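Quick note: numbers below take in every heavy atom, side chains included, and nothing from hydrogens, waters or symmetry partners. Quick caveat: nothing in here was measured; it's all calculated off a predicted structure.
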Amino acid sequence: MATKDSLDDVAARWVARIDRGSLTDQEKDDLETWLQTDIRHKGAFLRSQAVWHATDRAKALYSPTLNLPQHKQRPSRRAFMSAAVAASVAAFFIPAESGEASTRYSTQKNILHCENSKQRRIVLDCYSQLEDKSAQTSLLMGQCFITDRHRYVKTQNLRFVLDGSLLLTKSSSYENAIVVDGTAIMHGYRLNEHKHFSVGAQVTVTPQGRLHFSTVDQDTLARLTAWTQGQVSLVTETLSEATDIFNRYNQKQLVPSFRLADMRLSGLFDLNRPDVFAQAVKAILGAHIKEDAGHIFLE
């Protein structure tokens, strides 16, 4: 399908061809070659997919599985191509030149606000790494909270077009995504696989590589994202678990005694003030506080 047409024209024909049915082996090779040739090809392809699925066929995306119906009435090629051009003008995805510059963020015992504007917000948790490009944001390790519109967001195994807020987590054996606000479209391993997610939807990649779908309630969402405000919300954690959370973010380490380790304390606390948390433990659980240069002992 190599032509002298614009990238959007070529991408639109690929999307229309995929919608008609499975690609042949040769077509799969041709498409993969075209996508890998230039990062702008991937951007054009994503734009065309978005336009195609914004037509009357959008209801098919609400299928409970990732297998989409293959035989639906399709819009005319002229209408589709016009919409594709309009999407290009609207800059839904406009990648930079091939070999574009990227910004990599990395944290240790700190929370980093990478981006903070009216539309876009990226907060990177401690011990995390993130790569940001014009066309996509990739979480390489750890946890991040991202708010944006029409943004391609990914980990190693999860890929989304985001229109809202997403909480992403990635470890060496575990990946997780939760829609905190708005919507997100998950892209499957096959080019024609998509799934819509709304607020509270959660998808997990298990250590065995399987996808698990579930939902999260509003209270849990608030607790899971409290760190983006520099806070920690404790409800079910033991004191031992709570001090582990504080110790990830602070040089001065909390050390609970054996007597207090399995006691529980609920509340909303400042992540950067372990001393204030220690005073709460003293007042509520009757702890005795001792300190040295690097520790706060709760006895």
Side-chain angles (χ1 to χ4, degrees), residues 11 14-15 18 31-32 34-50 53 61 66 91-96 98-107 112 114-115 119-125 127-199 201-207 209-213 224-225 228:
W14 272 120
V15 173
I18 290 169
L31 176 57
E32 184 64 23
W34 186 75
L35 289 174
Q36 295 300 325
T37 299
D38 191 323
I39 192 171
R40 290 173 295 179
H41 295 181
K42 293 182 180 180
F45 187 77
L46 287 171
R47 282 199 300 272
S48 294
Q49 282 188 318
H53 291 287
L61 297 177
L66 290 177
F92 181 76
F93 270 116
I94 303 182
S98 192
E100 65 177 320
S102 64
T103 303
R104 180 167 295 197
Y105 300 94
S106 180
T107 58
L112 179 64
C114 309
E115 295 280 349
Q119 174 178 304
R120 191 166 190 235
R121 181 185 179 208
I122 301 177
V123 188
L124 192 61
D125 200 4
Y127 301 105
S128 300
Q129 295 181 24
L130 179 143
E131 185 176 48
D132 198 37
K133 298 182 180 181
S134 63
Q136 69 180 36
T137 299
S138 304
L139 178 64
L140 307 178
M141 183 60 66
Q143 183 171 235
C144 76
F145 177 84
I146 179 168
T147 299
D148 210 339
R149 296 191 60 195
H150 311 314
R151 184 70 176 170
Y152 190 54
V153 181
K154 65 186 283 290
T155 60
Q156 181 177 348
N157 296 296
L158 296 173
R159 296 165 179 82
F160 300 91
V161 174
L162 175 63
D163 194 359
S165 299
L166 193 67
L167 179 65
L168 278 176
T169 305
K170 183 185 184 304
S171 69
S172 58
S173 60
Y174 169 89
E175 296 181 26
N176 186 72
I178 306 174
V179 180
V180 180
D181 184 59
T183 61
I185 301 175
M186 177 180 171
H187 288 238
Y189 292 105
R190 298 177 181 175
L191 292 174
N192 63 340
E193 291 180 334
H194 299 79
K195 188 174 179 65
H196 259 278
F197 290 96
S198 56
V199 175
Q202 177 175 229
V203 57
T204 302
V205 181
T206 68
R210 298 187 180 92
L211 291 177
H212 176 71
F213 300 97
L224 292 176
T225 57
T228 66

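Among V203, T183, I185, the one residue that satisfies the side chain to side chain contact (heavy atoms under 4.5 Å, CB included) test with F197 is V203. The side-chain hydrogen bond (donor to acceptor under 3.5 Å, both in side chains) with N176 is formed by just one residue from the set T204, T206, T169; it is T204. Exactly one residue among I122, D125, L140 makes a side chain to side chain contact (heavy atoms under 4.5 Å, CB included) with L130. That residue is I122.
Side-chain contact check for L124 versus L139: some heavy-atom pair is nearer than 4.5 Å. Considering only heavy atoms from C-beta on, I146 stays 4.5 Å or farther from R121 through its side chain. With a 4.5 Å cut-off on side-chain heavy atoms, Y174 and V205 do not count as touching. Side-chain atoms of V161 and V153, non-hydrogen and from C-beta on, never get closer than 4.5 Å to each other. Using a 4.5 Å heavy-atom threshold, the side chains of F145 and I178 count as separate. Two residues are said to be in side-chain contact when any heavy atoms from C-beta on lie closer than 4.5 Å; L211 and M186 meet this criterion.
Within the 3.5 Å criterion, the main-chain N or O of Q129 finds no donor-acceptor partner in the side chain of S106. With hydrogens and angles disregarded, no donor-acceptor distance shorter than 3.5 Å links the side chain of S165 to the backbone of V180. Looking at S128, its side chain never comes within 3.5 Å of a backbone N or O of T107 through a donor-acceptor pair.
For the atom pair CD1 of I18 and CG of L31, the computed distance is 5.5 Å after rounding to the nearest 0.5 Å. Atom-to-atom distance recorded for H194:NE2 and H196:NE2 is 9.0 Å, nearest 0.5 angstrom.
Between the side chains of E175 and T155, at least one donor N or O lies within less than 3.5 Å of an accepting N or O. In this model, no donor atom of one side chain and acceptor atom of the other lie less than 3.5 Å apart for S138 and R159. Looking only at atom types and distance, the side chain of T137 has a donor-acceptor partner in the side chain of D132 under 3.5 Å away.
Taking the ring centre of Y152 as origin, the terminal cationic atom of K133 falls outside the region bounded by 6.0 Å and 45° from the ring axis.
Of all heavy-atom pairs between S198 and V179, the closest is O-CB, 3.3 Å. The two residues T228 and T225 have their closest heavy-atom pair at OG1-O, 2.6 Å. Closest non-hydrogen pair, E131 versus R104, comes out as OE2-NH2, 3.8 Å. Across all their heavy atoms, L162 and A184 have their closest contact at CD1-CB, 4.2 Å.
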Subject >> side-chain contact (heavy atoms from CB on, under 4.5 Å) between Q143 and L167, worked out >> reply: CA-CA 7 Å; Q143 183 171 235; L167 179 65; 3.8 Å; yes
Original post:
What do the steps show when you test K195 against H187 for side-chain contact (heavy atoms from CB on, under 4.5 Å), and what is the final call?
Top reply: CA-CA 7 Å; K195 188 174 179 65; H187 288 238; over 6 Å; no
